[in-house]
Amino acid sequence: MSTTATQASPSDSNLSTDPNWWRQAAVYQIYPRSFADSNGDGIGNLKGITAKVPYLKTLGVDAVWLSPFYPSALADGGYDVDDYRNVDPKIGTLEDFDEMAGALHGAGIKLIVDIVPNHSSNRHEWFQEALASPRGSAARDRYIFRDGLGENGELPPSDWDSVFGGPAWERITEPDGTPGQWYMHIFAKEQPDFNWDNPEVREDFLTTLRFWSDRGVDGFRIDVAHALTKNLEGTLPTKADLEARSHGTDGFVDGSHPFWDRDEVHEIYAEWRKVFNEYNPPRTAVAEAWVHADRRARYASPEGLGQAFNFDLLQADFDPTQFRRIITKNLAEAAASGASSTWVFSNHDVVRHATRYGLPAAAEAEGGELMAGKAGKQWLLDGGRQEDVNVELGLRRARAATLLMLALPGSAYLYQGEELGLQEVGSEIPDSARQDPAFFRNKGVDVGRDGCRVPLPWKTGGTSFGFGDGGAHLPQPEWFSKYAVEAQDGVEGSTLELYRAALKLRRRLQTDETLEWLETGNPDVVHFRRPGGWHTVTNFGTGPVALPEGSVVVSSSALEDGKLPGATTAWLVES
Ligand code: GLC
């Protein structure tokens, strides 16, 4: 096995070699093109990230997860990869990558990168080769090509929709100029799906995992981990057939869907696990798998990827009953699988939680009738106006929810900008500036995800609020100013200082992975205890409530006469 320059470097002396470092890590997601721009071209880059390592260190995160930074035409924000073992020249070079990894490691921060194995981009050399090669060729076999239906193959092989809207099949023109076969793409047409029955595809991803592991990458986030293997033999079922067999929005429970969550996918991850374990400490992985909750543990097994996202809190209302149920269930599932749980409220695919919690629908919701995730999408569709959001309430709830989440056993995944309490950008992004394929492919149904991907404000004014010396590739509204790092740094009570304080304490307070619920006698209030006498109390209601015995070490909003106000979380230690 090769050792890595980064692993061996003395700058790594701060880095944990504990093989379990990931189990309770606070992981900060960077969307590289929107984080920091060092050369003024309007696109965030790797050098920009390197320059902000001191910021990340002060924030107190254990690891950074980098969304795709590979060469890409950005048909889907980089999740359309042209070359898995290189850096997009628009955002840097491999040398820049090594420099960034070294700087992060030197600051004691681990590095997780995104792997996109379900599909490449249509510019990937293998796909270009497939287009130039005849039907039935080895080059076509790396992807999913089928003859069309109808007299002349003019109809797609099935009526399936792609996730971003429109058909899941695209017809090609054969090298001789005639209308030809169709290829499958679960996402945009620029993202052709790989054929994971093909040994070359399997081998190539092992090479990619080793390539980045050898460069010192500590772990991987696996994109759409539940879609890789497919059964497309014989006559394909119609989308109506599939809907009829699905358990509502929870999907299939028996692995019989032609492409989502098939059992054979775990054979791939068992092979990957062997590669991860060639390294010391073993490389980690977390699955993005939107599967039925009962099937999630398979992805998180120690023989597989080791950890899986659960998006349950992200989809829940700000509601004590939902929170308690979700937490209890996920901790039990994680314990049964041998993994630790994951928690997340915001990422590059959803409306930021400081906005979701302040939407009119969410503000009025009682008893958990409404999924905050859906409310966010609807708000965007309805025009996404800031004035319709109760920004203050949204932020207050977001701070309370996050402080609760940071006290839970398991890994906390944070999305860039949430530590600033940043709001989603809605209608301030004109249609002409939108980038997300979901907007273009699903007009009138989905506005897309650009609003959470707007470049971060570092300064209260100046060009692109300190993001870079040029513009920003998505427009930043004027109100970004008050969320800037500069406006919050060192300011007591700011969201940034709250995250810093909580992340620092979390390191000190976190011991084993158990949690004990304590009864509060008030349905609006949840209270749990972690080992070492560490208590977390969240008041989901509106009026102030008395706190239990103990010293308050941090609270998400100021206490009122020693009481915990509504929409507030406090951490206490037993005295
Ligand atoms: C994942 C990513 C999302 C991307 C999709 C297709 O869901 O999080 O951003 O569009 O996969 O790769």
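Each ligand, and each atom within it, is numbered from 1 in the order the structure gives. Quick caveat: nothing in here was measured; it's all calculated off a predicted structure. In this chain, numbering begins with 1 at the start of the sequence shown.
Using a 4.0 Å cut-off to heavy atoms of Arg453, the atoms of ligand 1 that qualify are 9 (O). The ligand atoms of ligand 1 that sit less than 4.0 angstrom from a heavy atom of Arg449 are 3 (C), 4 (C), 9 (O), 10 (O). Within the listing of ligand 1, atoms 10 (O) sit less than 4.0 angstrom from a heavy atom of Phe164. For ligand 1 and Arg221, the ligand atoms under 4.0 Å from any heavy atom of the residue are 2 (C), 8 (O). Annotation for ligand 1: atoms under 4.0 Å from non-hydrogen atoms of His119 are 6 (C), 12 (O).
For the residues Asp436, Asp223, Asn347, Val350, the heavy atom positioned nearest atom 1 (C) of ligand 1 is part of Asp223. Among Asp349, Asp80, Val116, Asp76, the residue whose heavy atom lies nearest to atom 9 (O) of ligand 1 is Asp349.
Taking 4.0 Å as the cut-off, Trp290 does not count as a neighbour of ligand 1 on heavy-atom distance.
Atom 7 (O) of ligand 1 has Glu288 OE2, 2.7 Å as its closest protein atom, hydrogens excluded (heavy atom only).
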Inset, instruction - Would you sort out whether Ser38 and Asn45 count as a side chain to side chain contact (heavy atoms under 4.5 Å, CB included), showing the intermediate values? - result: CA-CA 7 Å; Ser38 74; Asn45 52 16; 3.0 Å; yes
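Scanning for salt bridge (charged side-chain N to carboxylate O under 4.0 Å, His left out) contacts around Arg171 gives an empty result, with sequence neighbours left out.
For Phe467 and Phe465, the ring centers sit 6.0 Å or farther from each other.
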